[in-house]
Protein chains: 2
Amino acid sequence: MQLSKSTTAGERDRRCSTVRYRANEEIYTQGGKTDRLYRLREGAVRSARFNSEGRRQVGNFYYPGDVFGLETEPEHQYGVEALTDCVVESISSSSGSEDEIATLAEVTRQQLRKVSEHLVLLGRKTAREKVALFLLSYAARNPDADVELPMNRQDIADYLGLSVETVSRTLTLLQEESVVAFPAARRFRVTRWDVLQRMAT
Amino acid sequence: MQLSKSTTAGERDRRCSTVRYRANEEIYTQGGKTDRLYRLREGAVRSARFNSEGRRQVGNFYYPGDVFGLETEPEHQYGVEALTDCVVESISSSSGSEDEIATLAEVTRQQLRKVSEHLVLLGRKTAREKVALFLLSYAARNPDADVELPMNRQDIADYLGLSVETVSRTLTLLQEESVVAFPAARRFRVTRWDVLQRMAT
DNA sequence: CGCAGGATTGAAGGTGATCAAAGCATGTGG
DNA sequence: CCACATGCTTTGATCACCTTCAATCCTGCG
């Protein structure tokens, strides 16, 4: 998958293109055709689906280097929106050379890994375990300094299958127990890795 | 993946083999090396993992024709056990011709689909929704006659992230509402598809 | 400085977990 | 063939946790 052959914006129908999105902009819609693959260059995005009662389930968060847009059905089960301003490359997924197919398998594998991790998260019983595991896996990308969260509480809640309030309360508790510190709502640092790890088990 | 080149039992270290397992027998262990792929010929199996507190999470149920054993990590995150007596073919997954790799991609895709469906299930909020969706997707394989469940209540509970008692109570309710009928604990028939479908959304 | 959306906190209620016991089915041995 | 043992399922009672609804508090930004 040669996502690096970037062209200018506005050529979405071409084989390969690079497009910028502003925060909260939609990259593709739930229900649309699954005919393209996307690689995130800069920023962060979120995939989410709405069930018929209007409840939202966040599928995944993607970060620079991640490929998204791969699904097993011909129509997108999840829509994707930009969490922050971001730069996205995309190609038509039907334009397959042998080389690309080989990488497609790798992308599928990556996606399977992501979904499997999410499954473990949702399988956890208590809110503490879920939140702890979420913070842990997010903080892992930056073990030393403070980490900036691109998503809001609602996104986290819908990702973990919890209510916003429960997420908020749990974060407050973890702070009171000095397990994590939140200098701002969207920025945190793990202060007690051992405790957090034990919680998430 | 030529899982059809069966040989006799007892040649597990060979390239391809067919083995019979009795109900409750272990096919492979959580933590073992992920070096083989399995195709279920007859019977039903269950994949499950234990977290460090001893809680069990059922990953999936597999039925004749399904391929299992594919995982993204070098060590099995899930162990697999026979639910009923069954016949299993397996091959070394490292013995890859081009042809086999092409099919490996397809297996990965199938697995991704299964895991994604499970994710939707676990994302559901209420026990009713979960149980309804489980029955629905299981009954889909046999729309007319009664369906025999190869797994017990505990398996269902661990698959849905619920307690056995909640599963049992929910099934009782669904029976009282004449949505499903259980002539025996392990055999059921959907009597009101529309209602069940609406529950599962 | 003031506004708006997000985040937090509070109170009340519901839903599912847990603990405990009883009911059923299957299989074994007397 | 019946009695009993065993394991699975169901039911009951209580409790903890999470959700919901509501209000207040931030904080980032114009």
Side-chain angles (χ1 to χ4, degrees), chain A residues 22-24 46 51 53-58 81 83-85 121-132 134-135 146 148-177 180-188 199, chain B residues 22-24 46 51 53-58 81 83-85 121-135 148-177 180-188 199:
Chain A
R22 310 213 71 89
N24 302 315
R46 163 201 72 206
N51 66 21
E53 289 107 17
R55 272 220 337 273
R56 192 182 70 160
Q57 161 85 345
V58 167
E81 290 176 19
L83 286 168
T84 65
D85 292 356
L121 244 178
L122 284 177
R124 305 264 152 192
K125 278 234 174 8
T126 73
R128 283 176 75 86
E129 286 176 325
K130 288 182 177 179
V131 173
F134 173 78
L135 290 178
D146 287 12
E148 195 83 26
L149 287 173
M151 71 292 282
N152 64 25
R153 297 291 189 269
Q154 188 66 61
D155 292 328
I156 299 174
D158 291 343
Y159 179 69
L160 301 180
L162 297 171
S163 67
V164 211
E165 295 93 331
T166 298
V167 171
S168 181
R169 273 184 254 267
T170 307
L171 289 176
T172 303
L173 284 177
L174 293 180
Q175 284 179 82
E176 288 171 352
E177 297 165 7
V180 292
F182 273 81
R186 299 282 192 97
R187 194 176 323 120
F188 77 100
M199 275 180 198
Chain B
R22 311 215 69 91
N24 302 316
R46 164 201 71 206
N51 65 23
E53 288 106 18
R55 273 223 333 276
R56 191 182 70 159
Q57 160 86 346
V58 167
E81 290 177 19
L83 286 168
T84 65
D85 291 356
L121 243 177
L122 284 177
R124 303 264 154 190
K125 281 236 172 9
T126 73
R128 281 176 76 86
E129 287 177 323
K130 288 181 177 179
V131 173
L133 193 49
F134 173 78
L135 290 178
E148 195 82 27
L149 288 173
M151 72 291 282
N152 64 24
R153 298 291 188 267
Q154 187 66 59
D155 291 328
I156 298 175
D158 292 343
Y159 179 69
L160 300 180
L162 297 171
S163 68
V164 210
E165 295 93 332
T166 298
V167 170
S168 181
R169 272 184 255 267
T170 307
L171 289 176
T172 304
L173 284 179
L174 292 180
Q175 284 179 84
E176 288 171 352
E177 298 165 8
V180 292
F182 273 82
R186 298 284 192 97
R187 193 175 325 118
F188 77 101
M199 275 180 198

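Computation of the quantities below employed the complete heavy-atom set of this structure, encompassing side-chain atoms and omitting hydrogens, waters and symmetry-equivalent molecules. Since we're looking at a predicted model, the values are computed, not measured.
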>> Let's test your reading of the model: under 3.5 Å, does the base of dC21(D) pair with the side chain of Glu165(A) as donor and acceptor?
In response: yes
> Base, sugar-phosphate, or nothing: which does Leu171(B) touch, judged by heavy atoms less than 4.0 Å apart?
Replying inline: nothing
>> Working to the nearest 0.5 angstrom, can you tell me the gap between Arg124(B) CZ and Leu122(A) CG?
In response: 12.5 Å
> Do the side chain of Asp85(B) and the main chain of Ala23(B) share a donor and acceptor less than 3.5 angstrom apart?
Replying inline: yes
> Does Arg153(A) use its side chain to pair, donor to acceptor, with the backbone of Ala185(A) at less than 3.5 Å?
Replying inline: yes
> 5'-most contact on DNA chain C: Arg169(A) or Arg186(A), nearest heavy atom basis?
Replying inline: Arg186(A)
>> Go nucleotide by nucleotide along DNA chain C from the 5' end; which of Arg128(B) and Glu176(A) gets its closest nucleotide reached first?
In response: Glu176(A)
>> If the cut-off is 4.0 Å, is Thr166(B) near the phosphate of dG16(C), judged by side-chain N/O to OP1 or OP2?
In response: no
> Between Thr172(A) and dT9(C), does any side-chain N or O lie under 4.0 Å from OP1 or OP2?
Replying inline: yes
> Closest nucleotide of DNA chain D for Val167(A) versus for Ala185(A): which of these residues is on the 5' side?
Replying inline: Val167(A)
> Nearest of dA7(C), dC18(D), dA17(C) to any side-chain atom of Lys125(A)?
Replying inline: dA17(C)
> Taking the side chain of Thr126(B) as heavy atoms from C-beta outward, which of dG16(C), dT8(C), dG28(D) is closest to it?
Replying inline: dG16(C)
> Any ion pair linking Glu53(A) and Lys125(B) (charged N to carboxylate O, less than 4.0 Å)?
Replying inline: no
